[in-house]
Amino acid sequence: MNGRFIRLALGLACLASSASVAFADDPVAETVRKWGLLGAWSLDCALPPDHANGTVLAYEIGPDGGVVYRRDFGDVTDESQVLAAEVSADGILNLEVYFPTIKQKREYGLMMLEDGTMRAIYNRSEKGDYTIKDGKFVATKKPTPVQHKCE
C-alpha cells in the first residue's frame, strides 16, 4: 500500500509541476502579468459595481492558463478571452479580446501611469472602427478616465 501511495503522490507532483510550467509558458499571461494588468480595475473601487463609475474590469489567469477578462456592471456580467497581448515601445499594452456575447474581436491599448492607474488609449473593432482614439472617446472627444487597481 505504501508503494502505491508513493507512486500516486509522485504522479500528482509531476502533473502539478507540468501544469504550472504550461501556465507560465503562456505568452499572453506572462505579458499581462509583467505589465501589471492582473487584478480588478475600476474608476472608483469604493463603489459597488454598476454601469457608471462602478464598473469592475478584471483580468485573471483562467484554469487553462490563458487570460480571462471579466466585466461586472452590477446587474450584468460577462467573460471574454484575451487572445493576444504585447507591449509596444512606448509602454502601451496592446490587447486583442474576443467578446462571445457580441461575437466580436476588439483591440485596445492601455497605458500605465506613474501613479499605478491606467487609461485606455484606443479601442477599435476588427474592422477598424474606433470608440476610443488617442486617449479620447471618439463620440465626445473627452479624455478617457483613469482606472484604479482595486485591492
Side-chain angles (χ1 to χ4, degrees), residues 12-151:
L12 289 173
C14 288
L15 182 61
S17 68
S18 66
S20 65
V21 168
F23 293 166
D25 287 343
D26 184 288
V28 174
E30 187 62 16
T31 299
V32 300
R33 185 192 63 75
K34 282 183 180 176
W35 193 83
L37 184 64
L38 292 178
W41 297 82
S42 182
L43 299 179
D44 186 342
C45 297
L47 295 176
D50 68 14
H51 284 272
N53 295 329
T55 301
V56 177
L57 309 174
Y59 298 85
E60 303 166 0
I61 304 298
D64 66 349
V67 179
V68 177
Y69 174 47
R70 290 188 172 93
R71 301 185 301 175
D72 186 349
F73 300 101
D75 60 338
V76 177
T77 61
D78 65 15
E79 184 177 295
S80 303
Q81 189 70 35
V82 178
L83 303 174
E86 70 174 20
V87 180
S88 56
D90 56 3
I92 293 176
L93 177 63
N94 301 284
L95 299 174
E96 181 180 290
V97 178
Y98 178 69
F99 292 89
T101 54
I102 57 174
K103 296 179 175 78
Q104 185 181 100
K105 272 194 269 185
R106 295 199 65 84
E107 298 172 354
Y108 55 95
L110 303 169
M111 178 187 294
M112 185 73 71
L113 305 176
E114 288 183 23
D115 64 358
T117 60
M118 73 172 175
R119 288 184 58 221
I121 301 303
Y122 71 89
N123 186 319
R124 66 179 171 237
S125 71
E126 55 192 326
K127 294 178 182 176
D129 298 323
Y130 285 84
T131 55
I132 296 171
K133 190 171 184 179
D134 300 324
K136 297 178 182 175
F137 292 103
V138 172
T140 64
K141 308 290 187 240
K142 291 183 179 180
T144 57
V146 295
Q147 296 178 13
H148 303 270
K149 195 163 198 175
C150 304
E151 299 297 324

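Of the possible polar contacts, none joining the Q147 side chain to the T117 backbone as a donor-acceptor pair under 3.5 Å is found. The backbone N or O of G36 lies less than 3.5 Å from a partner atom in the side chain of K149, making a donor-acceptor pair. Side chain of S42 to main chain of T55: a donor-acceptor pair is present (N/O by atom type, distance under 3.5 Å, no hydrogens or angles). D64 contributes a side-chain N or O that, together with a main-chain N or O of G66, makes up a donor-acceptor pair within less than 3.5 Å. Distance alone, capped at 3.5 Å, places no donor-acceptor pair between the S80 side chain and the V97 backbone.
Annotation for H148 and L43: closest pair CD2-O, 3.1 Å, computed over non-hydrogen atoms. A pairwise comparison of heavy atoms in A40 and V56 identifies CB-CG1, 3.9 Å as the closest pair. Nearest heavy atoms, C150 versus W41: SG-C, 4.1 Å. The minimum heavy-atom distance linking V32 with A85 is given by the pair CG1-CB, 3.9 Å. Shown here for A120 and L110, the closest heavy-atom pair between the two residues is CA-CD2, 3.9 Å.
Interatomic distance, CG of L57 versus CZ of F73, reported as 7.0 Å (0.5 Å rounding). Rounded to the nearest 0.5 Å, atoms CD (E126) and OH (Y98) are 9.0 Å apart. One distance of note links NZ of K105 with NZ of K127; it measures 13.0 Å at 0.5 Å rounding. For the atom pair CZ of R106 and OH of Y69, the computed distance is 10.5 Å after rounding to the nearest 0.5 Å. Here the CG-CG distance, from N53 to D44, works out to 7.0 Å after rounding to the nearest 0.5 Å. Atom-to-atom distance recorded for R119:CZ and M111:CE is 7.0 Å, nearest 0.5 angstrom.
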Show your working on side chain to side chain contact (heavy atoms under 4.5 Å, CB included) between E79 and T77 and close with a plain yes or no. CA-CA 7 Å; E79 184 177 295; T77 61; over 6 Å; no

Please lay out, stage by stage, how M112 and L37 fare under the test side chain to side chain contact (heavy atoms under 4.5 Å, CB included). CA-CA 9 Å; M112 185 73 71; L37 184 64; over 6 Å; no

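Residues passing the side chain to side chain contact (heavy atoms under 4.5 Å, CB included) test with I102, sequence neighbours excluded: F99, Q104.
Proximity of V68 to Q81: side-chain heavy atoms (C-beta onward) are separated by under 4.5 Å at one or more points. Between I61 and R33, every side-chain heavy-atom pair lies at or beyond the 4.5 Å cut-off.
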Result block: side-chain N/O donor-acceptor pairs under 3.5 angstrom for residues 86-93, not counting sequence neighbours:
unit_1, atom_1, unit_2, atom_2, d
S88, OG, D90, OD1, 2.4
S88, OG, I92, O, 3.3
D90, OD1, I92, N, 3.3

